[in-house]
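For reference, the structure is listed below as structure tokens.
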Amino acid sequence: MPPLDPRPLASPVIGRITRVEPVNDFAANQTFRLHTPSGVYYLKSGNTIAAEAEACDLARSLDVPSPRVIAVDLTAPTYLITAELPGEPTNSPQVLAEAGRCLRRLHTIHDPSADWPTNLLKPIETLDRLTSVLPDQLAQRLRDTVPPFVRTVADIKPALLHGDLHPRHLYAVGNKLTGVLDWGDAMYGDPLFDIARFTMSGPAPTAAFLTGYPLSRTPYINHTLSLYRALWSLMALHAEHSARGDWFQPHVDTIARELVS
């Protein structure tokens with residue numbers, strides 16, 4: 001992606017920009033923190049802008065504290081401008097529980113037309129693209145394991161998912177949740193996919209989060225979460241490889257670990 005100058009895009013919308021700071025983000029995106037006399041804004045450019053803008057608006061309609069969309073432009077270069085939310089990342093149990101309650105509300109938004117099974121099978125059908133980063137034996141285990149699993153979740157009612165929820169995307173002031181950030185992976189699918197992603201944060205954050213959601217951890221649920229963690233990691237591996245990034249091994253390790261469990 002060619003370097004982007006955010007000033008001519010954002011200035012007509014948010015006014016005079018006094019400072020621009022690039023923000024480390026996924027390799028396929030460009031994100032900037034824009035300081036103005038009236039406040040701080042973010043401009044993100046990438047190929048997920050439409051879904052991200054829609055998800056932010058839908059989440060805010062349910063009192064999920066998500067970024068306020070100031071402007072969105074889907075012509076090249078696509079970009080989204082949002083207002084900064086107060087706070088900082090937290091592991092506060094109270095905040096994580098509130099985040100669980102917010103996610104439960106988010107999962108009441110449905111799109112019956114979404115094709116969740118196809119979304120899950122696509123990264124399996126394109127495994128040949130990952131031959132340089134994914135061992136052949138592990139790729140074959142994915143081919144053997146995922147299609148039968150997908151058949152067991154094919155009939156779920158697709159709900160709006162954040163897609164990449166973990167404590168670093170939760171902002172708080174004290175013990176008050178002030179922001180659920182980074183909606184670039186939003187999609188419609190099985191709510192357990194969101195839960196699976198959050199469980200990758202570790203036992204303590206997960207326990208706090210599930211007091212707000214909540215969820216009973218049956219053997220079936222645990223197995224489903226495990227395979228969704230593998231699939232989330234495979235999707236992330238595809239995205240990183242496509243963007244010519246280099247964050248491969250942690251995703252490969254997660255896939256291998258979850259396919260054994």
Side-chain angles (χ1 to χ4, degrees), residues 1-92 94-96 98-99 102-103 105-106 109 160-187 197 236 239-240 242-247:
M1 181 183 298
L4 182 71
D5 181 0
R7 292 177 185 269
L9 300 176
S11 294
V13 179
I14 61 177
R16 183 169 62 91
I17 298 172
T18 58
R19 189 163 84 254
V20 175
E21 299 172 350
V23 177
N24 290 331
D25 201 352
F26 173 54
N29 299 328
Q30 294 185 66
T31 304
F32 304 89
R33 184 182 296 109
L34 309 176
H35 296 262
T36 76
S38 62
V40 178
Y41 301 86
Y42 288 84
L43 182 146
K44 176 188 280 189
S45 180
N47 58 11
T48 63
I49 295 305
E52 185 164 359
E54 179 183 17
C56 286
D57 285 341
L58 288 171
R60 287 175 64 85
S61 75
L62 294 179
D63 294 324
V64 176
S66 306
R68 179 168 59 91
V69 175
I70 305 299
V72 59
D73 192 328
L74 301 182
T75 60
T78 59
Y79 66 89
L80 170 70
I81 300 174
T82 57
E84 183 179 58
L85 292 170
E88 57 187 16
T90 182
N91 277 307
S92 160
Q94 296 95 320
V95 173
L96 296 181
E98 178 58 26
C102 285
L103 195 69
R105 294 200 297 276
L106 187 76
I109 299 175
L160 179 58
L161 310 180
H162 179 280
D164 190 21
L165 194 64
H166 52 78
R168 293 191 307 280
H169 287 164
L170 301 174
Y171 270 37
V173 174
N175 286 323
K176 177 178 175 57
L177 178 68
T178 55
V180 180
L181 307 183
D182 288 338
W183 293 79
D185 293 303
M187 67 185 98
R197 173 63 183 103
E240 189 74 15
S242 176
R244 299 183 180 179
D246 57 7
W247 189 252

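Nothing fancy with the numbering, it's 1 onward along the sequence.
- Judged purely by atom type and a 3.5 angstrom limit, E240 uses its side chain to pair as donor or acceptor with the backbone of W247.
- Panel note: side chain R7, backbone I17; a donor-acceptor pair is recorded below 3.5 Å.
- E98 contributes no side-chain N or O that, together with a main-chain N or O of L177, makes up a donor-acceptor pair within less than 3.5 Å.
- Here the CD-OG1 distance, from E54 to T48, works out to 12.5 Å after rounding to the nearest 0.5 Å.
- Side chain of H169 to backbone of D164: a donor-acceptor contact under 3.5 angstrom is found.
- With a 6.0 Å radius and a threshold of 12 heavy atoms from other residues, nucleotides or ligands, D5 has its CG atom above the threshold.
- No more than 12 heavy atoms of other residues, nucleotides or ligands sit less than 6.0 Å from atom CD of E88.
- Side chain of R105 to backbone of D63: a donor-acceptor contact under 3.5 angstrom is found.
- Contact record, T36 with G39: OG1-O, 2.7 Å, taken as the closest heavy-atom pair.
- Between K44 and D182, the shortest heavy-atom contact is NZ-OD1, 4.2 Å.
- At a threshold of 4.5 Å between non-hydrogen side-chain atoms, the residues L43 and I14 do not count as touching.
- Remark: H162 NE2 to D185 CG distance equals 8.0 Å, nearest 0.5 Å.
- Remark: side-chain polar atoms of T178 are paired, donor with acceptor, to backbone N or O of P86 under 3.5 angstrom.
- Considering only heavy atoms from C-beta on, V180 comes within 4.5 Å of L170 through its side chain.
- Here the CG-OG1 distance, from N175 to T90, works out to 7.0 Å after rounding to the nearest 0.5 Å.
- Between V69 and C56, the closest heavy-atom pair is CG2-CB, 4.0 Å.
- Two residues are said to be in side-chain contact when any heavy atoms from C-beta on lie closer than 4.5 Å; V13 and Y41 fail this criterion.
- Taken to the nearest 0.5 Å, the OG1 atom of T82 stands 12.5 Å off from the CH2 atom of W183.
- With hydrogens and angles ignored, the 3.5 Å screen pairs no side-chain donor or acceptor of S45 with any backbone N or O of Y79.
- Between C102 and P65, the shortest heavy-atom distance links the atoms SG-CD, 3.9 Å.
- Distance CZ/R19 to CZ/F32: 15.0 Å, rounded to 0.5 Å.
- Screening V72, L74, T31, N29 against L80 for a side-chain contact (heavy atoms from CB on, under 4.5 Å) leaves a single residue, V72.
- What you find for G163 and M187 is that their closest heavy atoms are CA-CE, 4.4 Å.
- Taking every heavy atom of both residues into account, G179 and L85 meet most closely at CA-CD1, 3.6 Å.
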Practice prompt. Begin from the C-alpha positions of L9 and D73 and carry the test side-chain contact (heavy atoms from CB on, under 4.5 Å) through to its verdict.
Written response: CA-CA 9 Å; L9 300 176; D73 192 328; over 6 Å; no
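- One N or O on the side chain of S66 and one on the backbone of V64 form a donor-acceptor pair closer than 3.5 Å.
- Distance check, rounded to the nearest 0.5 Å: CG of L165 to CZ of R197 gives 8.5 Å.
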